[in-house]
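One structure is given below, encoded as structure tokens.
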Amino acid sequence: MKVLIITGGRFDKNTAKEYLNSHKFDYVITADGGTAYAKSIGIMPDLLLGDFDTLKAEVLEEYKNKGIELMRFPTKKDYTDTHLALKTALEKQPDDIVILGGIGTRMDHTLANIGLLTLALEQGVSAQIIDSNNRIRMIKDSLVLEKKDAFGKYVSLIPYTEKVTGIDLEGFLYPLHDAELCIGISQGISNELVEEQGKISIKSGQLLVIESRD
């Protein structure tokens, strides 16, 4: 089962439509302001979720009239709408989760959303955050990248835990063997995939794998 979460942030509409035309999902959750974004690109959600403090009342009413399931939360709550959407998605025991958006001008929300990837990682569910310029994943063991499916030119490795050890890279411009990355070191930035397939593996820690394009 593949679940799509559409949340706030910045995402070019044409890029979003292109991505969604080539990727199919079994269930779609929109988180608060993500509902308006979904409407603008012609995506019909299965579930609307959030406190709806950034969604116009007429848009919410339109979807309610269409019989779309609604989960409303108070504005004063412990978790962000994106966090609640991810928790709800994980309850469905999916194989894959894609969060569309989640990166924008609010750096606090951006960092929090990246951190949410740990929730999926702990449950063994593949999850990623995508905007117009980035695909962000978090691993604790290995990941294979296919050049034909590359999101961008650059592949960066950023430790999410204090230290990531036993890093092996195969198929990259800058290979590594049994390497170590620590927070505060930029050694893993802007690598490039040079073979048709690249493999990233680690022995301990949690590693962000970010594919980027300018």
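Within 6.0 Å of the NZ atom in Lys64, the count of heavy atoms belonging to other residues, nucleotides or ligands does not exceed 12. The local environment of CD in Glu192 is crowded, with over 12 non-hydrogen atoms from other residues, nucleotides or ligands closer than 6.0 Å.
Of the possible donor and acceptor atoms, one in the side chain of Ser156 sits under 3.5 Å from a partner among the backbone N and O of Ser190. Judged by distance alone, the side chain of Asn134 and the main-chain N or O of Ser212 form no donor-acceptor pair under 3.5 Å. The backbone N or O of Gly104 lies less than 3.5 Å from a partner atom in the side chain of Thr110, making a donor-acceptor pair. Under the 3.5 Å distance criterion, the side-chain polar atoms of Asp51 are left unmatched by any main-chain donor or acceptor of Phe73.
With contacts defined as side-chain heavy-atom distances shorter than 4.5 Å, the pair Val28/Met44 does not qualify. For the pair Lys2 and Lys24, the minimum side-chain heavy-atom distance is 4.5 Å or more. By the 4.5 Å heavy-atom criterion applied to side chains, His109 and Thr82 are not counted as neighbours. Contact check for Leu176 versus Gln187: side-chain heavy atoms found under the 4.5 Å cut-off. With contacts defined as side-chain heavy-atom distances shorter than 4.5 Å, the pair Leu90/Ile97 qualifies. With contacts defined as side-chain heavy-atom distances shorter than 4.5 Å, the pair Asp12/Asp131 does not qualify. In this structure, Val209 and Val155 have side chains that are in contact, with non-hydrogen atoms separated by less than 4.5 Å. The side-chain heavy atoms of Ile202 and Leu157, taken from C-beta on, include no pair separated by under 4.5 Å.
Tracing side-chain contacts under 4.5 Å through hydrophobic residues (I, L, V, M, F, W, Y), one never reaches Ile200 starting from Leu121; they form parts of separate clusters. Linking Ile, Leu, Val, Met, Phe, Trp and Tyr residues whenever their side-chain heavy atoms come within less than 4.5 Å places Ile130 and Leu20 in a single cluster. Residues Val3 and Ile136 share a hydrophobic cluster, clusters being chains of Ile/Leu/Val/Met/Phe/Trp/Tyr side chains in contact below 4.5 Å. There is a path of hydrophobic side-chain contacts, each under 4.5 Å, that joins Ile103 to Ile5. Linking Ile, Leu, Val, Met, Phe, Trp and Tyr whenever their side-chain heavy atoms come within less than 4.5 Å leaves Ile139 and Leu208 in two separate clusters.
Closest approach of Ala85 and Ile29 over heavy atoms only: O-CD1, 3.8 Å. In plain terms, the two heavy atoms of Gly115 and Thr118 that are nearest each other are O-OG1, 2.7 Å. Considering all non-hydrogen atoms of both residues, Thr7 and Gly101 come closest at CG2-C, 4.0 Å. Contact record, Gln197 with Leu193: C-CD1, 4.0 Å, taken as the closest heavy-atom pair. In terms of heavy-atom proximity, Arg213 sits nearest to Phe151 at NH1-O, 2.8 Å. Scanning all heavy atoms of the two residues, the minimum distance from Val164 to Gln206 falls at CG2-O, 3.4 Å.
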For a side-chain contact (heavy atoms from CB on, under 4.5 Å) check, start with the C-alpha distance between Leu145 and Leu143, then their side-chain angles and the critical distance, and finish with the verdict.
CA-CA 7 Å; Leu145 300 180; Leu143 177 67; 3.8 Å; yes
With side-chain contact (heavy atoms from CB on, under 4.5 Å) as the criterion, how do Gln128 and Asp96 come out once you've worked through the C-alpha distance, each side chain's angles and the decisive distance to 0.1 Å?
CA-CA 8 Å; Gln128 54 191 289; Asp96 297 284; 5.7 Å; no
Practice task
Could you give me the CA-CA distance, side-chain angles and deciding distance for Glu18 and Asn14, then say whether side-chain contact (heavy atoms from CB on, under 4.5 Å) is met?
Solution key: CA-CA 6 Å; Glu18 181 181 338; Asn14 291 331; over 6 Å; no
**Prompt:** Can you list the steps and then say if Asp46 with Glu69 is a side-chain contact (heavy atoms from CB on, under 4.5 Å)?
**Reply:** CA-CA 6 Å; Asp46 297 287; Glu69 185 181 0; over 6 Å; no
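Listed by chain and residue number, Arg10 satisfy the side-chain contact (heavy atoms from CB on, under 4.5 Å) test with Thr105 (two or more places apart in sequence, or in another chain). In terms of the ring pair (Phe, Tyr, Trp, His ring centres under 6.0 Å) criterion, residue partners of Tyr19 (sequence neighbours excluded) are, by chain and number, His23.
The OH atom of Tyr154 sits 11.0 Å away from the CG atom of Leu173 when rounded to the nearest 0.5 Å. Atom CG of Asp149 and atom CZ of Arg135 lie 7.0 Å apart (nearest 0.5 Å). Between atom CD of residue Glu195 and atom CZ of residue Phe172 there is a gap of 10.5 Å, rounded to the nearest 0.5 Å. We find the CG-NZ distance between Leu116 and Lys87 to be 10.5 Å, quoted to the nearest 0.5 Å. Here CD1 of Ile6 is found 13.0 Å from CG of Leu49. Values are rounded to the nearest 0.5 Å. Taking OG from Ser142 and CG from Leu207, the interatomic distance works out to 11.5 Å, rounded to the nearest 0.5 Å.
We find that Glu122 and Lys140 are not joined by a salt bridge, their nearest charged nitrogen and carboxylate oxygen being 4.0 Å or further apart. The residues Lys66 and Glu62 are annotated as salt-bridged, a charged nitrogen and a carboxylate oxygen being separated by less than 4.0 angstrom.
Note on residues 159-176: pairs passing side-chain hydrogen bond (donor to acceptor under 3.5 Å, both in side chains), not counting sequence neighbours, are Thr165-Ser204, Asp168-His177.
Remark: the Thr35 side chain and the Thr30 side chain contain an N/O donor-acceptor pair separated by less than 3.5 Å.
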